[in-house]
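To start, the structure itself, in C-alpha cells.
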Amino acid sequence: MAAGTVDRADDPSGEPLADPARRARLQALLLAWYHRTARDLPWRGDADPWAVLVSEAMLQQTQVARVVPIFASFMARWPTAPALAAAPAGEVVAAWQGLGYNRRALRLHRAATVITSEHGGTVPEDLGVLQRLPGVGAYTARAVAAFAHGLAVAPVDTNVARVLARLHGRALSRAAAQERADALVPDRDPGAWGQALMELGARVCTARTPRCDECPVAPMCAWRGQGPDPAASSAHRSRPQARFEGSDRQVRGRLVQALRERPVPGPELSAAAGEPDAERVRRLADALVAEGMAEWDADALRLPR
DNA sequence: AATCCGGGGGA
DNA sequence: TCCCCAGGATT
C-alpha cells in the first residue's frame, strides 16, 4: 500500500464500503446470517420466474405474512403466465382479496397477457423488457432478474434503502441508493444477496425499532442506532398517507369487495359500499369501469369477464 | 414532486 | 392513534 493512502474504514467521503476487503467482510457476515436464519418463503430457492413475478407483485407495499397464503392458492390455480392470461380479469381481482391495491391484480393479469403473446409464455430476463411489463417498475424488474434469473442486479426496496443509508451513515437519494446497492452485489448468487439485504431490513434493521444489538453487520455499520437515523431523510421511506377512514380508497375497496361476491345493481351500490352519497358512489363506480376494474352489465356493476 | 391506490398489524 | 409495509402509474 502506497504511503499516504487513506484508510477507507475512516473515509470521511461517506464511502465506508468502497474498500473491497470491507465489502467482502460485509457480504460474508450478512450471507452467513441469512443462510443461518432465513425464513423459508415459498418464492425463495428454486422458484420459477413466474412464481417470483407473482410474489413480487403481491409483495408491493404488502407484508410477507399477508402474501404467503394467498400466493399459495393463486399459484395452485394459475401456475403459469399463459394460465393466468386465459383467465377473466375479474377472477384475478377476486383472487386478490385480502391483499389490497387491487390494481396490481389487473396489471399482473395484463403482464401475463404480454408475456404470453410477446414472450412465448416465458418471463423475460432483460431488465428493460421486464420493466416495460404492466406493474413492473425499477424494483420489481430487478427482483425478478436477480431472484429468478440470477442476474447480478440489485433490487432496492424500502428495506434495502434503509439498510444502505444506515450502513453508510448518510441519507441516500434514490439514485445514490441504487448506486451503492449495485456496487455491493457479489458475483456469486446475487439473488441470495438481495434476499439477505431485505431480510435484514425486515427483521433486524427495521424502520421503527431497529435491533442493532442483534445485527450481524453492526461492526460494518456507520450508524449503529446512535444519533439521527440516516434513513429517515432518505428516498424510499414511506410517505405519510391521507387518512384512510372515509377516503375514496375505502369506498372503492368496499365496492370491489361487494363485486367479488356478486354483481350489484346500480341502485344497490350505495348500500353495498356503505356510502350514503349515491353520487359519490356512482363517480367511483365509473372510475372502476374506466380503469377496467369493473363493467356495467345492463344495470348492474360486476367484475370484468 | 405529489397523489392515488387497501387494508391490516405493530408500537 | 400513528406509522409502516419486498411500489408503480399518473398527473
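Proteins get letters first, then strands, A, B, ... in listed order; numbering begins at 1 in each.
A salt bridge (Lys or Arg N to Asp or Glu O under 4.0 Å) check over residues 25-41 of chain A, counting only residues at least two apart or in different chains, returns the pairs A:Arg39-A:Glu199.
Between the P atoms of C:dA6 and B:dC5, the separation comes to 22 Å (whole Å). Rounded to the nearest Å, the gap between the P atom of C:dT11 and that of B:dG6 is 16 Å. The P atoms of C:dG8 and B:dG9 are separated by 24 Å, rounded to the nearest whole Å.
A:Val64 comes within contact range of at least one nucleobase, with a heavy-atom separation under 4.0 Å. A:Ala143 comes within contact range of no nucleotide atom at all, as no heavy-atom separation falls under 4.0 Å. Within 4.0 Å (heavy atoms only), A:Thr140 reaches sugar-phosphate atoms of the nucleic acid but no base atom. Within 4.0 Å (heavy atoms only), A:Arg44 reaches at least one base atom of the nucleic acid. Residue-level contact check: A:Trp96 touches neither bases nor backbone, having no heavy atom under 4.0 Å from any strand. Contacts of A:Ala57 with the nucleic acid, taken as non-hydrogen atoms under 4.0 Å apart, are absent.
Here C:dG8 presents its C1' atom at 14 Å from CG of A:Asp157, a figure rounded to the nearest Å. For A:Gln131 and C:dA9, the CD to C1' distance is 12 Å, given to the nearest whole Å. Regarding A:His236, its NE2 atom lies at a distance of 16 Å from the C1' atom of C:dC4, rounded to whole Å. Between the P atom of C:dC3 and the CZ atom of A:Arg243 lies a distance of 12 Å, rounded to the nearest Å. Rounded to whole Å, the distance from CZ on A:Phe71 to C1' on C:dA6 is 13 Å. Atoms CD1 (A:Ile70) and C1' (C:dC5) sit 15 Å apart, rounded to a whole Å. For the pair A:Arg239 CZ and B:dA2 C1', the interatomic distance rounds to 8 Å; values are reported in whole Å. A:Glu199 has its CD atom 15 Å from the C1' atom of C:dC5, to the nearest Å.
A donor-acceptor pair shorter than 3.5 Å can be found between the side chains of A:Arg104 and A:Thr62. One side chain, A:Asn102 or A:Arg260, offers a donor N or O that lies under 3.5 Å from an acceptor on the other. With no hydrogens or angles considered, no side-chain donor-acceptor pair links A:Gln60 and A:Tyr139 at under 3.5 Å.
Mapping A:Leu133 and A:Leu41 onto DNA chain C via the closest heavy atom, the residue that lands nearer the 5' end is A:Leu41. Two residues, A:Pro240 and A:Leu59, neighbour DNA chain C, and the one matched to the more 5' nucleotide by heavy-atom proximity is A:Pro240.
Every residue two or more places apart in sequence or in another chain was checked for a side chain to side chain donor-acceptor pair (under 3.5 Å) with A:Thr158, and none qualifies.
Searching all strands for a Watson-Crick or G-U wobble partner of B:dG6 with both distances below 3.5 Å returns nothing.
Between A:Asp248 and A:Arg283 there is a salt bridge, with a side-chain nitrogen of the basic residue lying less than 4.0 Å from a carboxylate oxygen of the acidic one. A salt bridge does not link A:Arg305 with A:Glu91: every distance from a Lys NZ or Arg NE/NH1/NH2 to an Asp or Glu carboxylate oxygen is 4.0 Å or more. By the 4.0 Å N-to-carboxylate-O rule, A:Arg252 lies too far from A:Glu275 to be salt-bridged with it.
In terms of phosphate contacts, A:Ser238 brings a side-chain nitrogen or oxygen within less than 4.0 Å of OP1 or OP2 of C:dC5. Remark: A:Arg142 is not in phosphate contact with C:dA6, judged by side-chain N or O atoms under 4.0 Å from OP1 or OP2.
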Base-contact (B) and sugar-phosphate-only (S) positions in nucleotides 4-11 of chain B, heavy-atom cut-off under 4.0 Å, - elsewhere: BBBBBBB-
